[in-house]
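Structure record follows, encoded as structure tokens.
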Amino acid sequence: MDKKKGILWYFSQVFMLYGIIILFLSTFCRYFGEDGAAISTIFALGDKGLSVSTMFEFFLAIAIIVLLRFVFMTDIVIKKLPRVFRNIALLTTGLLVSVGFIFAFGWFQAEDGKAWVMFFVSFALSCGISTLVSAIAEKQENRRLEEALKRFKEEN
């Protein structure tokens, strides 16, 4: 049962993800900010927190990625593409957006191999965790729908 996804869904997703990302970044700033300041513009203020420009950059990146998620994961826009290809397309475009922001805003030095390895590891971990959470949520939703269908059949 697919719910209509409108502007309120979009903004709720953007602000939810933004809050999670800012929480993680703030935690990293607190504990690793002084070391990270020499490596990344994200940690330019060291352990003092995130700059306003960094927060806006992440907000824009998240807004774009949630829009991509809407495009790839709803039947409103793409009706015939199998879900696995939608997931691959979403992950690929999300990765491209992230890489674009790395270059555009100097989130870390592009020639630093260690930073790229850390980026790809964190990207893979976040994709894995979100996939796991989505699978669990979908399984629970399917179970609720099956139970509701069973109750409906018993009543009729």
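FYI, side chains are in, hydrogens and waters are out, and symmetry mates aren't considered; it's all heavy atoms of this structure. Throughout, residue positions are numbered sequentially from 1 according to the sequence presented.
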Report summary line: Closest non-hydrogen atoms of I65 and G94, given as atom of the first, atom of the second and distance, are CD1-O, 4.2 Å
Report summary line: Between the OG atom in S40 and the CD1 atom in I102, the distance rounded to the nearest 0.5 Å is 9.0 Å
Query raised in the report: So, do F15 and F59 have ring centers that fall under 6.0 Å from each other?
Result: yes
Query raised in the report: With hydrophobic residues grouped by side-chain heavy-atom distances under 4.5 Å, do Y31 and F43 end up in a single group?
Result: yes
Requested in this report: Could you tell me whether a side-chain N or O of S122 sits under 3.5 Å from a main-chain N or O of M118, the two making a donor and an acceptor?
Outcome: yes
Query - Heavy-atom closest contact (G49 atom, C29 atom, distance) - result: O-SG, 3.7 Å
**Report entry** F120, CZ atom: more than 12 neighbouring heavy atoms under 6.0 Å
**Finding:** yes
Requested in this report: In plain terms, say whether R144 and E147 are close enough for a salt bridge, that is, a side-chain N and a carboxylate O under 4.0 Å apart.
Outcome: no
Query raised in the report: Hey, is CG on L8 packed in by over 12 heavy atoms from elsewhere, all under 6.0 Å?
Result: no
Query raised in the report: Closest approach of W116 and A110, non-hydrogen atoms and distance?
Result: NE1-O, 2.6 Å
Report task. Return the orientation label for the F58 and W107 ring planes: parallel under 30°, perpendicular over 60°, tilted otherwise. Result -> parallel
Query raised in the report: Among the clusters formed by ILVMFWY side chains lying less than 4.5 Å apart, do V99 and L60 turn up in the same one?
Result: yes
Query raised in the report: Any side-chain heavy atom of T54 sitting closer than 4.5 Å to one from F105?
Result: no
Query raised in the report: Is there a path from Y18 to I7 through hydrophobic residues (I, L, V, M, F, W, Y) whose side chains come within less than 4.5 Å of each other?
Result: yes
Report task. For residues I64 and F101, determine if any side-chain heavy atom of one lies less than 4.5 Å from a side-chain heavy atom of the other. Result -> yes
Query raised in the report: Which heavy-atom pair separates A63 from Y10 by the least distance, and what is that distance?
Result: O-OH, 2.8 Å
**Report entry** CZ-CH2 distance between R69 and W9, expressed to the nearest 0.5 angstrom
**Finding:** 4.5 Å
Query - Partner of I88 by side-chain contact (heavy atoms from CB on, under 4.5 Å), out of T92, L91, L90 - result: T92
Query - Sub-4.5 Å side-chain heavy-atom contact between E146 and R143 - result: no
Query raised in the report: Below 4.5 Å, heavy atoms only, C-beta onward: do V66 and F70 meet side chain to side chain?
Result: no
Query - Hydrophobic cluster membership, M55 vs L45, 4.5 Å side-chain cutoff - result: no
Query raised in the report: Can you tell me how far the CG atom of L25 sits from the CZ atom of F32, to the nearest 0.5 Å?
Result: 12.5 Å
Report task. Could you tell me the separation between the CG atom of L149 and the CD atom of E154, rounded to the nearest 0.5 Å? Result -> 10.0 Å
Query raised in the report: Going from CG on D35 to CG on D47, what distance comes out if it is rounded to the nearest 0.5 angstrom?
Result: 9.5 Å
Requested in this report: Evaluate whether atom CE of M16 has more than 12 neighbouring non-hydrogen atoms of other residues, nucleotides or ligands under 6.0 angstrom away.
Outcome: yes
Query raised in the report: Do L125 and V117 belong to the same hydrophobic cluster, where Ile, Leu, Val, Met, Phe, Trp and Tyr are linked whenever their side-chain heavy atoms lie under 4.5 Å apart, directly or via other members?
Result: yes
Report task. Over 60° means perpendicular and under 30° means parallel, so classify the ring planes of F119 and F123, tilted if in between. Result -> tilted
Report task. Any chance you could measure I42, atom CD1, to L50, atom CG, to the nearest 0.5 Å? Result -> 8.5 Å
